[in-house]
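In this text, all values refer to a predicted model and were calculated from it rather than measured experimentally. Lettering follows sequence order; numbering is per chain, from 1.
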Amino acid sequence: MQSFVDYLKFNAVQWTITFVFMVLLFSFMVFAPHTFLHSRIYIAYLSTIPFAGMIAIAMTLVVISGEIDLSFPSVMAASGFTFAKAYAFTSSPELGLVAALATGALAGVVNGVLVVGFKVPSIIATIGTQFFWRGLTVLLAGGLALNMAEIRETAFHHLMVGRWFDWLPAQAVWFALLTALFWLLLNRHVLGDHLRFCGDNSSAAQMMGIPVARTRISVFVIMGMVTGLSGAMVCMEMASWWPTQGEGYMLLVFAAVFVGGTSVFGGQGTIYGTLVGAIIIGMIEAGIISSGLSGLWTRMVYGIVIIVSVSAHAFLTKYSKK
Amino acid sequence: MLKRFALLLFAAFLLGPLSVNANAADRTGTGMHIWFDTGGPVGGTYNTVVYNGAKAAAEDIDAKITFVYSDWSPEKMIENFKTGLAEKPTGIVVMGHPGDAAYGPFIKEARENGIIVTAIDTPLPETQTQYQSQGFGYIGPDAYNQGAAMARECIQRFDLKKGDRAFVWGLKRLPTRGLRATAILDVFEKEGVIVDYLEISPEVDKDPSIGTPIVTGYLAAHPDCKVMVIDHGALTAQMENFLRTAAVKPEDIDVAGFSLSPATASAIKNGYVDLIGDAQPFLLGYFSVLQIALTEKYGFSGLNVDTGGGFIGADNLSLIEPLAKQGLR
């Protein structure tokens, strides 16, 4: 019994976020049974939540390491653009994906060098790179959207964002695999410990012999590559690229990370929390509309969920340390 | 031979600049500087077409043009206007979103300094009344008329009757732009159509890919919906994806929206979008630059041009689609 209480106490943040999720889902099932007791809405969620969810999972590692990356919406647009252009030139979505990942990695290296090499605080460095990548992309695109309707006919489209067995969005499978990989990385790989130590106290981590600089640059590169992957997948799903791509993801990603219980001060956070946070944030708007409420309620409900979650996390973290 | 060649060179040296000057003097906007607020963000779908129109006009009349971007923020538009005043251009083209009260004192200051001002996209009726004789015009759609025309076209084309259900997804919260959605609702409600209105959230406004579950959720809750009117260009462009995810077949529902983009053209071809209201944004840019130059040179008063009368469907798409790819429609 004691060990069960200890288990609950040790995982209080994760239990809280699961409870919030269950309450929301139950409410939607009660108020919108015609929508939430049928599979169609869940398939829609499986097709959209993975894009923001992937970035949120990667952002969790960044925040745990004590950094932040505000450039990801622009990196998403830049990666999506290189994907679209590479596809237009070669008719190969595989090469497009390689180009998008390379663009994301490059953006990550630039962020990492600015933060680690030039000692610019990440919040400032990534504001700068956010403007840079967006500006460069729009300049190269001439401000025009790119349509890729024919990409829907390729096998690679089916592999990445198609509907497997005629119902399962492939991106949900990739998201699940990526989430599992990142869980292993954080909890069963030495990089996870390094990230936590860096986020908790980078000077102490340095003294302990942890390669702090390499770890911090790595986390930005991982973030960039995952953003690139998400950008390319959004392009494939939508069969087009547009210059403002990624701009709507800022709130969703950070809300998912912090609702999920990751500490803004670094050193603490869970992949499970962010996963549930991403699902909660991703399901709210459609749930409200299906329940018959005006869309004007959406932001207030977002606010309530975020306030309740982060307050509960703050209280429980304090309580569990006693 | 050498002498003849030297004479020819000498003649070219003398006449060359003269002919260039003569050509330049023929151009309406030579020596003029136009400060142009495109309204939206750098690379925004709609305002890039406006930009292309203004750029084409400036090249045609040989005027210098400076573009600024306001991310559709009224505060930023005012800020850009103040910066424009400091530059002392020949004329300033504004988007009217901040309204008469906000722009009033600054436009007065501009006129006192001899700077011509004209509005596009969203009218400034009080300011126009005051300064129309001094070149203050309005080029753009009348939001309410455009919305009402769209609703009437939907009723006619899709055979909407009393008791039918329609979904309208719009931006009523934006002061003048919101009149388009208001007009659609007014006409539908007057006709007895049951309307479900949904305000577009700021996230969906910026990134239409987030809108998928909203459409799925709505259609699951209201399977009797007959028509969807999407008062947003980028969302209209993604309706094919939204409906595919919601497992709705093209013939199951009629969809109307605004602004033609390559993705929208593709959706029309595949039958997922049936009707597009076209505000012809290229004309906003083109005519407003001409307005400034003509007023400066010949003292013409402000023009009032309603650009929002066009509709695009599968019947006339082939003509317009190539132009959309070039950012002209």
Task: Other residues, nucleotides, ligands: >12 heavy atoms within 6.0 Å of Trp164(A) CH2 - done: yes

Open item on the list: Let's test your reading of the structure: which of Ala234(B), Ala247(B), Gly327(B) forms the most heavy-atom pairs below 4.5 Å with chain A?
Closed with: Ala247(B)

Open item on the list: Using a 4.5 angstrom heavy-atom cutoff, name the option from His38(A), Glu237(A), Met283(A) with the most pairs to chain B.
Closed with: Glu237(A)

- [ ] Determine, step by step, whether Leu219(B) and Arg40(A) satisfy the side-chain contact (heavy atoms from CB on, under 4.5 Å) criterion, reporting the C-alpha distance in whole Å, the side-chain angles of both residues, the deciding distance to 0.1 Å, and the verdict.
- [x] CA-CA 10 Å; Leu219(B) 290 176; Arg40(A) 182 50 58 189; over 6 Å; no

Open item on the list: Using the side chain to side chain contact (heavy atoms under 4.5 Å, CB included) definition, which of the options Thr35(A), Thr48(A), Leu46(A) pairs with Pro213(B)?
Closed with: Thr48(A)

Task: Portion of Arg134(A) that has a non-hydrogen atom of chain B nearer than 4.5 angstrom - done: neither

Open item on the list: To the nearest 0.5 Å, what is the distance between CG on Asn241(B) and OG on Ser240(A)?
Closed with: 7.0 Å

Task: Donor-acceptor under 3.5 Å (Ser290(A) side chain, Ala221(B) main chain) - done: no

TODO: Find the distance between CZ (Arg163(A)) and CZ (Arg244(B)) and round it off to the nearest 0.5 Å.
DONE: 9.5 Å

Task: Spacing of Thr212(B) atom OG1 and Ile43(A) atom CD1 [to the nearest 0.5 Å] - done: 13.0 Å

- [ ] Look at atom NZ of Lys55(B) and say whether more than 12 heavy atoms of other residues, nucleotides or ligands are closer to it than 6.0 Å.
- [x] no

Task: Contact residues of residues 260-274 of chain B (partner chain A; heavy-atom separation under 4.5 angstrom) - done: Pro262(B), Ala263(B), Ser266(B)

Open item on the list: Using heavy-atom distances under 4.5 Å, tell me whether Ile41(A) contacts chain B through its side chain, its backbone, both, or neither.
Closed with: both

TODO: Looking only at non-hydrogen atoms, find the nearest pair between Trp242(A) and Lys206(B) and report the distance.
DONE: NE1-O, 4.1 Å

Open item on the list: With a 6.0 Å cut-off (strictly less than), is the heavy-atom count around CZ of Phe31(A), excluding the residue itself, greater than 12?
Closed with: no

Task: Heavy-atom proximity to chain A below 4.5 Å, by part of Val204(B) - done: side chain

Task: Straight-line distance of Ile284(A) CD1 to Ser201(B) OG, nearest 0.5 Å - done: 11.5 Å

TODO: Let me see the working for Phe51(A) and Ile210(B) under side-chain contact (heavy atoms from CB on, under 4.5 Å), right down to the final yes or no.
DONE: CA-CA 9 Å; Phe51(A) 303 129; Ile210(B) 301 165; over 6 Å; no

Open item on the list: Between Glu240(B) and chain A, with a heavy-atom cut-off of 4.5 Å, which part of the residue counts as in contact: side chain, backbone, both or neither?
Closed with: side chain

TODO: Can you tell which part of Pro223(B) gets under 4.5 Å to a heavy atom of chain A, answering side chain, backbone, both or neither?
DONE: neither

- [ ] Please check if atom CG in Asp315(B) has more than 12 non-hydrogen atoms from other residues, nucleotides or ligands closer than 6.0 Å.
- [x] yes

- [ ] Examine whether an atom of Leu146(A) lies under 4.5 Å from a heavy atom of chain B, and if so say whether it belongs to the side chain, the backbone or both; otherwise answer neither.
- [x] neither

Task: Which atom of Thr245(B) lies closest to which atom of Ser47(A), heavy atoms considered - done: CG2-OG, 3.5 Å

Task: Separation between CD1 of Ile288(A) and CG of Leu198(B), rounded to the nearest 0.5 Å - done: 10.5 Å

TODO: Report, as yes or no, whether the 6.0 Å neighbourhood of atom CE on Met29(A) holds more than 12 heavy atoms from other residues, nucleotides or ligands.
DONE: yes

